[in-house]
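Note that this is a predicted model, so its numbers are computed, not measured. As a basis for the values below, the full set of heavy atoms in this structure was taken, side chains included, without hydrogen atoms, waters or symmetry mates. Numbering of residues begins at 1 and proceeds along the displayed sequence.
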Amino acid sequence: MSDAPTNGSSTLFRSPVRSPVRSLVRSIDLRGPAGRMEALLNTGKEDAQYAAVGLHPHPLFGGTMHNKVGVPRHEELSVLGIPVLRFNFRGAGLSEGAHDNGYGEVGDLRAALDWMQQEYQRPILFAGFSFGSFVGLKACCGDERVKGIAALGLR
């Protein structure tokens with residue numbers, strides 16, 4: 001099945017990754033500083049030691065949570081049984097608001113980190129690509145909840 005977003009917070013999909021870990025993908029709505037943020041959650045294993053948040057490349061150049069470079073990185077974490085949240089920044093996909101050159105997007109990520117901490121109550125890993133890495137480094141460095149960072153595609 002596709003992992004395309006649907007309207008509603010309880011839609012479930014089978015993860016396209018074939019692995020011994022059976023993960024479901026849930027379409028959810030997060031609330032960020034600019035309003036609704038479209039998100040997908042790979043549910044992972046109940047006993048996972050970590051949770052993760054992944055970010056996409058620059059939205060003004062076509063970057064979304066469905067990016068062909070970012071999605072496989074997020075699915076690799078999911079294969080390990082780690083719950084992974086990915087979302088569209090403000091103004092991308094169905095997320096409300098307008099692009100804010102990396103300033104407001106830090107608030108978007110912090111809202112996602114807050115949601116993951118509340119939902120899973122475990123240490124968080126971060127993975128980003130390009131613009132997502134830039135935003136992630138600004139938001140995650142110094143955040144005690146984040147125990148690991150993978151920032152890919154930086155110049």
**Study point:** Sequence-distant partners of F126, ring-ring contact (aromatic ring centres under 6.0 Å, His included), two or more places apart
**Key:**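 F126 satisfies ring-ring contact (aromatic ring centres under 6.0 Å, His included) with no other residue.
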Point to revise | Under the ring-ring contact (aromatic ring centres under 6.0 Å, His included) test, residues paired with Y103 that sit two or more places apart | key: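 Applying ring-ring contact (aromatic ring centres under 6.0 Å, His included) to Y103 gives none.
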Practice item. Just jot down the side-chain contact (heavy atoms from CB on, under 4.5 Å) partners of Q49, sequence neighbours excluded, or say none. Key: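 Applying side-chain contact (heavy atoms from CB on, under 4.5 Å) to Q49 gives none.
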Point to revise | side-chain contact (heavy atoms from CB on, under 4.5 Å) involving A52 - partner list, sequence neighbours excluded | key: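 In terms of side-chain contact (heavy atoms from CB on, under 4.5 Å), with neighbours along the sequence ignored, A52 is linked to L77, I82, V84, L125.
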Check your understanding: Does R90 have any side chain to side chain donor-acceptor pair (under 3.5 Å) partners at least two apart in sequence or in another chain, and if so, which?
Key ->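 Result, side chain to side chain donor-acceptor pair (under 3.5 Å) vs R90: D108.
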Point to revise | Non-neighbouring partners of D114 that pass side chain to side chain donor-acceptor pair (under 3.5 Å), sequence neighbours left out | key: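 If we apply the side chain to side chain donor-acceptor pair (under 3.5 Å) test to D114, skipping adjacent residues, the hits are R145.
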Practice item. Output every pair passing salt bridge (charged side-chain N to carboxylate O under 4.0 Å, His left out) with a member in residues 55-64, not counting sequence neighbours, ordered by first then second residue. Key: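 Those involving residues 55-64 do not exist here.
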**Study point:** ILVMFWY network linking L55 to L154, side-chain heavy atoms under 4.5 angstrom
**Key:**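 Yes: a chain of side-chain contacts under 4.5 Å links L55 to L154.
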Can you check whether [Y]'s main-chain N or O pairs, donor with acceptor, with [X]'s side chain at less than 3.5 Å?
X   : Y   : value
N88 : M65 : yes
R36 : D29 : no
T64 : G93 : no

Find the distance between [atom1] ([X]) and [atom2] ([Y]) and round it off to the nearest 0.5 Å.
X    : Y    : atom1 : atom2 : result
D143 : Q117 : CG    : CD    : 8.5 Å
K68  : H66  : NZ    : NE2   : 15.5 Å
C140 : I124 : SG    : CD1   : 8.0 Å
L94  : E96  : CG    : CD    : 9.5 Å

Review point. Would you call I28 and F87 a side-chain contact if the rule is heavy atoms closer than 4.5 Å?
Key: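 They are not in side-chain contact.
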Check your understanding: With side chains defined as the heavy atoms from C-beta onward, is the minimum distance between S27 and L40 less than 4.5 Å?
Key ->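 Of all side-chain heavy-atom pairs linking L40 with S27, at least one is under 4.5 Å.
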Check your understanding: Could you give all pairs that pass the side-chain hydrogen bond (donor to acceptor under 3.5 Å, both in side chains) test and reach residues 119-132, with sequence neighbours left out?
Key ->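 Listed once each, the pairs would be none.
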Review point. Looking only at heavy atoms, what is the nearest atom pair of G63 and A92, with distance?
Key: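 Heavy-atom minimum between the residues: O-CB, 4.3 Å.
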Point to revise | Taking every non-hydrogen atom, the tightest pair across G81 and A48 | key: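 Heavy atoms only, the tightest pair is O-CB, 3.3 Å.
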Exercise for review: Give the C-alpha distance, both sets of side-chain angles, the deciding distance and a yes or no for side-chain contact (heavy atoms from CB on, under 4.5 Å) between E105 and L109.
Suggested key: CA-CA 6 Å; E105 290 81 2; L109 174 53; over 6 Å; no
Point to revise | Residue pairs passing the ring-ring contact (aromatic ring centres under 6.0 Å, His included) test where at least one lies in residues 135-155, sequence neighbours excluded | key: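 Qualifying pairs, neighbours excluded: none.
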Exercise for review: State which residue, out of F131, F61, F89, fulfils the ring pair (Phe, Tyr, Trp, His ring centres under 6.0 Å) condition with H99.
Suggested key: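 Result for ring pair (Phe, Tyr, Trp, His ring centres under 6.0 Å) with H99: F131.
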Using atom types as modelled, flag every donor-acceptor pair under 3.5 Å from a side chain in residues 146-153 to any protein atom, sequence neighbours excluded.
| unit_1 | atom_1 | unit_2 | atom_2 | d |
| --- | --- | --- | --- | --- |
| K147 | NZ | E144 | O | 2.7 |

Exercise for review: Tell me, with the steps shown, if R110 and K138 meet side-chain contact (heavy atoms from CB on, under 4.5 Å).
Suggested key: CA-CA 10 Å; R110 287 188 177 134; K138 287 172 51 176; over 6 Å; no
